*Asks:* 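The structure is given below, and queries will be raised subsequently.
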Amino acid sequence: MLTSEATTSALRTAAYATPPERLSAADAAMARHSVRSYLDVPITDDEIHTLLELTGRAPSAFNLQPWRFVVVRDQEVKNALKDAAYGQKQVGEAPVVIAMYSDMDDTMANLGDIVHPDLTPDKRASTIAMLEKNFGGMTPEALAAWGNGQANIALGYLLLIATSEGFDTSPMLGFQPDQVKAILDIPASATMTAMVALGRGADDGFRSHRHAIERTTSFR
Ligand SMILES: Cc1cc2nc3c(=O)[nH]c(=O)nc-3n(C[C@H](O)[C@H](O)[C@H](O)COP(=O)(O)O)c2cc1C
């Protein structure tokens, strides 16, 4: 006989056989919350592709898009990431973990690929020169902080889009960045944005609590 936990898990797994309806941005914003327990329900390459394509629609200053992603499915790699994340169980349990980082070295070394393809040759050359001047004078720390700010816009998109597409997520900064970089071969100079466990939740997680608008906003 199945235990009640196994019954719940079997029922939840069966419910995912039919893909859920895509949620509007407003509905996804209300529904999204962290889930730290996952079912063994795989995510297809097409689903990952859709999530990353939509996440990549995030805006960034100068459109530099300095965010980078590593999609991890391999159980041994996830186990190593879990150790680097102080044993957070969702890292080992979720079918996919996405490690996000910003890489300003890669961005600055490839401006020719990165600036808008529709620019005329003159405008392209002047834009690249402007970017090299603008960012060339920054300290490595300031450059990394700038890239990290942009990558966090994409993190917000990823979390919202994953909910909209019917997935649960757990964003995490509770990990040792140098260990995660070493496990995933991420350049030492890059800045980790977050790891995101992604899948179908085995439970509903906690109720989200948010401050009232009056607590966060002033009107003049
Ligand atoms: C950048 C970031 C890092 C986070 N790091 C962790 C983490 O390491 N472990 C964890 O359990 N939750 C982590 N969280 C989840 C937050 O605790 C959670 O988002 C917050 O309490 C609000 O709850 P909700 O996501 O359910 O709405 C993180 C969230 C963000 C956005």
Side-chain angles (χ1 to χ4, degrees), residues 8 12 16 20 23-40 43 51-52 54-61 65-72 77-104 141 144-184 186 190-217:
T8 308
R12 293 182 81 100
Y16 288 119
L23 297 182
S24 71
D27 287 344
M30 292 308 290
R32 194 215 59 78
H33 62 285
S34 295
V35 172
R36 298 175 177 86
S37 204
Y38 285 87
L39 296 169
D40 185 17
I43 303 182
L51 289 177
L52 293 178
L54 295 172
T55 298
R57 299 297 303 168
S60 55
Q65 308 169 50
W67 44 74
R68 304 289 182 265
F69 307 89
V70 184
V71 177
V72 182
V77 180
K78 283 191 287 175
N79 291 344
L81 291 175
K82 178 181 164 185
D83 288 346
Y86 309 106
Q88 297 197 65
K89 82 177 168 86
Q90 61 270 35
V91 181
E93 213 174 81
V96 170
V97 174
I98 299 183
M100 275 191 73
Y101 62 99
S102 54
D103 190 339
M104 288 305 290
E141 293 76 18
W146 189 92
N148 188 40
Q150 310 308 308
N152 273 286
I153 302 171
L155 172 62
Y157 264 53
L158 174 60
L159 299 177
L160 198 63
I161 287 158
T163 304
S164 163
E165 296 290 309
F167 295 101
D168 293 301
T169 55
S170 168
M172 285 162 279
L173 264 178
F175 58 82
Q176 300 187 50
D178 290 346
Q179 283 187 19
V180 169
K181 286 183 197 175
I183 293 163
L184 299 178
I186 292 171
T191 303
M192 295 305 305
T193 319
M195 289 206 288
V196 179
L198 179 72
R200 311 290 194 184
D203 64 32
D204 290 336
F206 295 114
R207 181 182 74 84
S208 277
H209 162 258
R210 291 297 184 271
H211 303 303
I213 291 172
E214 293 70 29
R215 181 78 185 74
T216 60
T217 313

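Both backbone and side-chain heavy atoms feed into the values below; hydrogens, waters and symmetry mates do not. Please read all numbers here as calculations on a predicted model, not as lab measurements. Residue numbers count from 1 along this sequence. Both counts, for ligands and for their atoms, begin at 1 and track the order of listing.
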*Asks:* For atom 19 (O) of ligand 1, what is the nearest protein heavy atom, given as residue, atom name and distance?
*Replies:*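 For atom 19 (O) of ligand 1, the nearest protein heavy atom is Ser34 OG, 3.5 Å.
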*Asks:* Give me the nearest non-hydrogen protein atom to atom 11 (O) of ligand 1 as residue plus atom name, then the distance to 0.1 Å.
*Replies:*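 The closest heavy atom on the protein side is Arg36 NE, 2.7 Å.
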*Asks:* Can you measure from CD (Gln88) to CG (Leu81) and round to the nearest 0.5 angstrom?
*Replies:*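 Here the interatomic distance stands at 11.5 Å.
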*Asks:* How close does the nearest protein non-hydrogen atom get to atom 23 (O) of ligand 1, and which residue and atom is it?
*Replies:*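 For atom 23 (O) of ligand 1, the nearest protein heavy atom is Arg210 NH1, 4.0 Å.
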*Asks:* Taking heavy atoms and a distance under 4.0 Å, where does His209 meet ligand 1: side chain, backbone, both or neither?
*Replies:*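 For His209, no heavy atom sits under 4.0 Å from ligand 1.
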*Asks:* At a 4.0 Å cut-off, with the gap strictly under it, does some heavy atom of Met195 reach an atom of ligand 1?
*Replies:*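 Outside the 4.0 Å threshold, so no.
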*Asks:* Please list the nearest protein heavy atom to atom 3 (C) of ligand 1 with its residue and the distance rounded to 0.1 Å.
*Replies:*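 Answer, as residue, atom name and distance: Leu173 N, 3.3 Å.
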*Asks:* Take atom 28 (C) of ligand 1 and look for protein heavy atoms under 4.0 Å from it; say yes if you find one, no if not.
*Replies:*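 Yes.
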*Asks:* Would you compute the distance between atom CG of Leu160 and atom CG of Leu155 and round it to the nearest 0.5 angstrom?
*Replies:*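 The CG atom of Leu160 sits 11.0 Å away from the CG atom of Leu155.
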*Asks:* Relative to ligand 1, is Pro171 under 4.0 angstrom through side chain, backbone, both or neither, heavy atoms considered?
*Replies:*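 It is both parts that get close, each with some atom under 4.0 Å.
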*Asks:* Given 3.5 Å as the limit, does a donor-acceptor pair link the side chain of Arg12 with the main chain of Gly201, or not?
*Replies:*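 Here the side-chain-to-backbone pair exists.
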*Asks:* Measure from NZ or CZ of Arg200 to the centre of the six-membered ring of Tyr38 and say whether it is under 6.0 Å with the direction within 45° of the ring axis.
*Replies:*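 Not flagged: Arg200 not positioned over aromatic ring of Tyr38.
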*Asks:* Does the protein put any heavy atom within less than 4.0 Å of atom 21 (O) of ligand 1?
*Replies:*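 No.
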*Asks:* Checking a contact table here: which protein heavy atom is nearest atom 8 (O) of ligand 1, and how many Å away?
*Replies:*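 Protein heavy atom with the smallest distance to atom 8 (O) of ligand 1: Gly174 N, 2.8 Å.
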